[in-house]
Amino acid sequence: MPKRTAAPANFNIDRDIPVGKAILLVDNLGVTQERDGTLAVVCVRGRIDSATSVQFEAELDIVFADPPDALIIDLTDLNYMSSAGLRVLLVVAKRARAEERPLILCNLAPGIREVFDISGFSTIFEIAATRAEAEARVRG
Amino acid sequence: MFRSLRFQLFAGLMVILLGAGLTITISTREQMREALIGAETRAARNVLGQIELQVSNRYRELLAEKLRIVNERRDALEHMGAVTVAAAEAHDRLSDRGQASRAEARALTLDFVNAVSPGGSVQALAMTREGRVLAHSDGSQKGRDLSAQPDIKGRPLPVAVQEDIAIHGHAYILFDDSAVDAGEDGEDDGARDGRRFAYFREVPELDLIIGVSDRIGDVERYVETGVAATVEVLAETLAQVRVVDTGFVFILDDELNAVTPPADWAAPLMRERDPVSGTPIPELLAAAARGDDPATLRYALPGAQAPIEMQAYVSYFRPLGWYVVSTVPSAEVNRPANALTRQQGVIFAMVLGVALMLAWLFALKLTGPLQRLTGYARQLPGQDFTRSDGAQGALDRLADTRSEVGGLARAFRFMEGELRENIRVLLDTTRDKERIESELNIARDIQRGLLPKIFPPFPDNPQIDLHASLTPARHVGGDLFDFYFLDDHRLLFAVGDVADKGVPSALFMAITKTLVKSASGQETDPALMMRRVNEALSADNPRAMFVTLFIGILDIRSGEVDYVNAGQNPPILLSTDGHADLVRPISGPPAGVMEGVVYDRLKLRLASGDNLVVYTDGVTEAMNDDNAEYGTGRLLALLQRLRGQRATRLVDGVLEDVRRHSDGALQSDDLTLLCLTWHDTSPRE
């Protein structure tokens, strides 16, 4: 479930925030973790940009607090990823590589996939088309 | 004013006082009225009762007097009768002794009767059993035949006499002898009252009935005279009797004529009709008395302006056939009650006035502290909150009271204290923020200083038309661009975008730019330059910062571009023939991602007039409020439209279009755009 930071009841966005209409009052990011034995599957939903990347990093830190043998990050419901998000993924990848835990991304939407391709990140990450394929690779 | 607490308190108290006062007034008023009216009514009735008592006493006296006279007369009649009978019996004894014959004895008796002179209105007679008058003290009546004369009960006189004598030995007979009396008496009322009262006894030996009679009219007249005197006295008395104020007592007889007159002011009462019932008022009064209980009668007496409401108490005095009426204007009966009610009203109004004044003072006292609190709250914003002491002292006395207002004052004081504390913290924070802000401003100036800022950069070089722009999302940004000649013919141009934005990116950007500069001095191949940059950035990079970087080297003689693209957005090649194409190939991942990456060296060739546009994702991913990206498609289309224009125009045109798309939305990422146009100036072969 995405965390929601409800604005106070008497808080009127239009009136009380003079500038910066794009201020995110509600988290646009949702991260859920499923554990299947020693395999962790993290599903990311929404947007990862400068504003939410800190939360994303924190959520992944929680995953690593109890380190899984392998990690699958399912990006099915991810709409947008900025360079800040890529950086967080890179941090995770480096950590996973250092600890020799396989990390596979799966279910990249075409737009996200293009970001990975353009930036050259698709050569750094292991990417599977579907979650089943990712799981098969981890277990195989 | 009407919504103020003070007024509401005051109004509330007013309503309560009014409610209580009115309830008491109204509830007691009726009882008071009834009591007072009852008293007046009793007074009127008492007058009536006294008059009635007076009348009946007088009447009883008259009756007693009448009885006494009648008895006296009867005794006289009996005495006279006894004398006459005794004479007759003496005459009879003469015949018994033979001194005279029976006829002579009878004649003697008749002579006696004829000669007797009883005096006054008394008459003596002797008659046969059949009613023939043989002798009469009034000579003119001698020889009358009384056999047809009826007594008061209608019996023939001789029959009645004999019947009563048979029973009692004598007879008292009442009969009307008006016809005879009239001629003889010559009195005015003789014809009216010729009734006589007669005492008869029989003298059987002489075959005679002796009778003595007297008129009873004068007895009746005596009573009438008494009544008349009574009436006169009553009239005088009643004229002075006042019921309540102008009320009065008067008497009507059976024929509804005034025995004693009503008061002068109410004289029309005798001939007027009650407007409501239409009945003559005397009839109404008489009707009211027919019940056993003398009821209160209400009627209206037509007056000069308006009918006067009256009430009357009537009693019927049967023996005289009198209606004794005590009547009084209703207003007078009600007057004391009304006066008392008025007085009560005045007292109530005065008490209410005083109470309301007190209520107002009370409301003032209650709301005064509130007003002081309001005044305090109003002047609060004008306080100098940077000082630790303030207007708190103003509330000390209020805060010491134990009421709710005291609580409010304490809350105010607490609030002011908290405000001072918060403002102190806020001031500290603001100072810190200002310091950071000023440092950031300095950082921005330094960062700007890192970038080339003289445009056009190469005015003496007709082959190159170059323009670039960098707009950070915050004070400082992670984007960079640079260009400089490596030697006479080779122009290096670079565009980079550090992951994320803000101060960490800015630091990384500065490092990157320096690394590029340094690497370009050591290598001629841009791929090798990139490799050096990557190695330098990747080593010891705990936060995994990275930079997408494009480095191109243009040979201004041929238009050939050697370039390396480390994850940077594909540049756009805008041909003179109208195509706008993405230059998709990339050399590898962004610099700083990992060590040991080998980048591919790529080439492209510009035709004369071709534009190469290198940009960061801040352009294509610029968003509006609906989170819609500007998009590569729109950029391509725009550049096609702007084809052929100078680099400055192209850059400005794109920036303007992006701004239009964002439509005021907060810029989410640094935005960098570099446009390079190459013109072939070599002589044609």
Side-chain angles (χ1 to χ4, degrees), chain A residues 13-14 17-26 28-29 46-57 60-61 64 78-98 103 109-127, chain B residues 473-474 478-479 496-502 504-505 508 534 538 541-549 565-570 582 584-595 597 599-600 616-618 620-621 623-629 631-632 662-670:
Chain A
I13 292 173
D14 291 335
I17 300 192
V19 289
K21 292 180 196 165
I23 284 177
L24 294 170
L25 287 170
V26 176
N28 282 325
L29 176 68
R47 301 165 52 85
I48 306 178
D49 52 26
S50 297
T52 56
S53 64
V54 179
Q55 183 201 341
F56 183 44
E57 193 163 5
L60 287 173
D61 275 348
F64 274 94
L78 187 69
N79 304 321
Y80 174 82
M81 165 112 64
S82 78
S83 53
L86 290 174
R87 191 191 64 77
V88 175
L89 281 183
L90 189 60
V91 171
V92 174
K94 283 188 169 178
R95 186 167 177 179
R97 197 165 300 164
L103 167 68
I112 303 295
R113 176 78 206 198
E114 195 185 348
V115 170
F116 275 77
D117 288 342
I118 287 174
S119 61
F121 267 75
S122 27
T123 60
I124 297 170
F125 288 98
E126 187 170 356
I127 298 176
Chain B
R474 300 178 185 171
D479 277 12
D497 178 2
V498 180
D500 217 339
K501 52 193 173 182
S505 314
F508 213 74
N534 180 48
S538 306
N541 182 5
R543 284 189 55 82
M545 293 294 282
F546 60 86
V547 54
T548 64
L549 186 60
N565 186 349
Q568 181 61 39
N569 275 31
L582 292 173
R584 287 190 177 279
I586 65 166
S587 316
V593 167
M594 63 171 107
E595 292 170 87
V597 176
Y599 292 92
D600 297 332
T616 60
D617 55 8
T620 49
E621 291 175 7
M623 290 184 193
N624 60 14
D625 280 340
D626 301 328
N627 276 353
E629 293 183 0
T632 312
S662 307
D663 193 23
L666 196 69
Q667 185 183 341
S668 58
D669 200 357
D670 306 330

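Chain letters run A, B, ... following the sequence lines, proteins first and then strands; every chain starts at 1.
With chain B as partner, the option from A:Asn79, A:Val88, A:Val115, A:Val91 having the largest number of non-hydrogen pairs under 4.5 angstrom is A:Val91. Chain B forms more heavy-atom pairs under 4.5 Å with one residue of A:Ala84, A:Ser119, A:Gly120 than with any other, namely A:Ser119.
The CE atom of B:Met623 lies 4.0 Å from the CZ atom of A:Arg47; values are rounded to the nearest 0.5 Å. Atoms NZ and OG, from B:Lys501 and A:Ser82 in turn, are 7.5 Å apart once rounded to the nearest 0.5 Å. The CZ atom of A:Arg97 lies 5.0 Å from the CE atom of B:Met594; values are rounded to the nearest 0.5 Å. Taking CD1 from B:Ile586 and OG1 from A:Thr123, the interatomic distance works out to 6.5 Å, rounded to the nearest 0.5 Å.
Proximity to chain A involves both the backbone and the side chain of B:Met545, based on heavy atoms less than 4.5 angstrom apart. At a 4.5 Å heavy-atom cutoff, the contact between B:Glu629 and chain A is made by side-chain atoms alone. Interface residue A:Ser50: backbone and side-chain heavy atoms are both found under 4.5 Å from chain B. Contacts of A:Ser122 with chain B are absent, with no heavy-atom separation under 4.5 Å from either backbone or side chain.
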Practice item. Assess whether side-chain contact (heavy atoms from CB on, under 4.5 Å) is satisfied between B:Asp500 and A:Ser53, documenting all intermediate values. Key: CA-CA 9 Å; B:Asp500 217 339; A:Ser53 64; 4.2 Å; yes

Exercise for review: Test A:Tyr80 against B:Asn627 for side-chain contact (heavy atoms from CB on, under 4.5 Å), laying out the working first.
Suggested key: CA-CA 10 Å; A:Tyr80 174 82; B:Asn627 276 353; over 6 Å; no

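The salt bridge (Lys or Arg N to Asp or Glu O under 4.0 Å) search around A:Arg113 returns A:Asp117, not counting sequence neighbours. With sequence neighbours left out, A:Phe116 forms a ring pair (Phe, Tyr, Trp, His ring centres under 6.0 Å) with A:Phe125.
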